[in-house]
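Side-chain atoms are counted along with the backbone in the values below, which use heavy atoms only and exclude waters and symmetry mates.
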Amino acid sequence: MASPNSGDVGAAGDLLGTGLLAASKDEETPAVETTATSTSSGRLAEHEMTPTRSPVRQGVRRAAAELQEVFLGTKLFPLFSAVPLAVAAEHFRFGRAWVFVFSLIGLAPLAERVSFLSEHIADTAGPTAGGLLNATCGNVPELIIALFALHKEKMEILKWSLLGSILSNLLLVLGSSLLCGGLANTGKERPLDRRQADVSIGLLMLGVLCHILPLLSKYTASTGDSIGSALGLSRLCAIVMLIAYFGGLVFQLKTHRQFFVQEGSSQSSSSNSDDEVTNNSVIGSASTVIWLIGMTVVIAVLSNYVITTIEEASDALGIPVRFISIILLPVVGNAAEHAGAIIFAFKNKIDITLGIALGSAIQILLLVVPVILIVSWVNGIPMDLDLNLVETGSLVMTVFTTAFTLQDGKWHYLKGFNLTLCYIVIAVCFFTIKAVPIPTNDCLVIYFWGNSVQHQRRYRPEMLGLESN
């Protein structure tokens, strides 16, 4: 039961609270009026200053802001200086080795900026189309280099560069990411999405099979036209590889999309900070497309320099063409993907790292390679999927090593260390093995059989005591 004085005390408290509230409102009123006055005066001042800004000055400031974000927004911006140096070296006819070196260095920041610009377009295209666009733009340097090599009919360099992109993604990018991420997250539970790994490994196995069969067909053909049979088989395999690639896209993005929901949610949650930066970007959608086209044109120019000068640079630098094509060119082209995969591995987001490394390797193996082969078929250029014995063996062992690495659904730094060492062994192998000279038209091809296996050797006329025409 309440005391008799409780009502008086409550009333007094209400009156006191009401008075204090009124007093506080009276004290805040001038401040509010002062703030409103200052705000209105600031708007008036801004309104008065706005007409003085001409559209030309605003356009110049916007262009300067875009230039700053595109060129200075990456840690690789000092390497942009190699682009004009490459053009100058080509124009003033410096050494061919200098043209090659400057062009190779200039491709690294351009590839990173293409990936950066594609992310802006991907944000407006949605997660499905955006992810596909981002992965496609990430392989633009490799595709352009391959097209120029095909145009100049340098088939060995074409095959070596595409093979090097696959090896680089599966061993170097994935291996260094697992190594760095494992060392940074020591002692934590580190599972990975086995569904994504199984689907990717299955597609890679199909691509490996399509490369093994043309090689074996040259040794098992019953007639002398082993090269023709390998060429026809390669074209058929190219069609199968394209069907498999688009079937994988339908599986991951349409029919069984729910299996990859967790991966997509983790990727979206991990990129919240990146989205905030993208929203604050001064580059609009139209400007992004223009910048992307411009970067692609510059990449095409430098790729032409690389393909044109690669033999002269190999002789001047004493580095085999095979090593340059398989190791150096893919490392430069995959610079952006390599950095992104390592960053996500450091954040213990290994599923995104797998998507970058495995997705890029699959796109090269099952999309870029068959597209290049079909283009060569249309243009009447004979190109098959025979990568020679050592190169095909390296591809097979790379895919099998990656499959065994990811089979248990766990990851740690030792797995990444092993993959990185495998890449180093392959690099040393291609550096030490001397490339077989590419045969010319004045070579005589002699077929012989040994141990029921057909071989072919090429002899120059002077080696057989004959006179060349």
Next on the checklist: Between Thr432 and Cys429 (side chain of the first, backbone of the second, donor and acceptor by atom type, cut-off under 3.5 Å), is there such a pair?
Outcome noted: yes
Checklist entry - Any donor and acceptor pair, going by atom type alone, linking the side chain of Ser314 with main-chain N or O of Ile310 inside 3.5 Å? => result no
Checklist outcome for this item: Sequence neighbours excluded, the answer for side chain to side chain contact (heavy atoms under 4.5 Å, CB included) partners of Ser303 is Leu107, Ile144, Ile145, Phe148, Ile299
Item to check | Any residue meeting salt bridge (Lys or Arg N to Asp or Glu O under 4.0 Å) with Glu153, in chain and number order, not counting sequence neighbours | outcome: none
Checklist outcome for this item: In short, Cys180 meets Ile342 closest at the heavy-atom pair CB-CG2, 4.2 Å
Item to check | Side-chain donor or acceptor of Ser81 paired with backbone N/O of Pro78 under 3.5 Å | outcome: yes
Which donor-acceptor pairs under 3.5 Å do the side chains of residues 161-173 make with protein atoms, sequence neighbours left out?
| unit_1 | atom_1 | unit_2 | atom_2 | d |
| --- | --- | --- | --- | --- |
| Ser161 | OG | Ile157 | O | 3.1 |
| Ser161 | OG | Leu158 | O | 2.9 |
| Ser165 | OG | Ser161 | O | 3.1 |
| Ser168 | OG | Asn334 | ND2 | 3.3 |
| Asn169 | OD1 | Ser360 | OG | 3.4 |
| Asn169 | ND2 | Ser165 | O | 2.7 |
| Asn169 | ND2 | Ser360 | OG | 3.4 |

Checklist entry - With distance as the sole test, does Lys154 use its side chain to make a donor-acceptor pair with the main-chain N or O of Ile307 at under 3.5 Å? => result yes
Checklist entry - Nearest heavy-atom pair of Ala345 and Trp411: which atoms, and what distance? => result O-CH2, 4.1 Å
Checklist entry - Do the side chain of Arg235 and the main chain of Ile374 share a donor and acceptor less than 3.5 angstrom apart? => result no
Next on the checklist: Checking Asp351 against Arg195 for the salt bridge (Lys or Arg N to Asp or Glu O under 4.0 Å) test, could you report, in this order, the C-alpha distance in whole Å, the side-chain angles of both residues, the deciding distance, and whether it holds?
Outcome noted: CA-CA 10 Å; Asp351 292 340; Arg195 281 191 291 261; over 6 Å; no
Checklist entry - Checking side-chain hydrogen bond (donor to acceptor under 3.5 Å, both in side chains) against Lys415, which of Asp408, Thr420, Thr402 comes through? => result Asp408
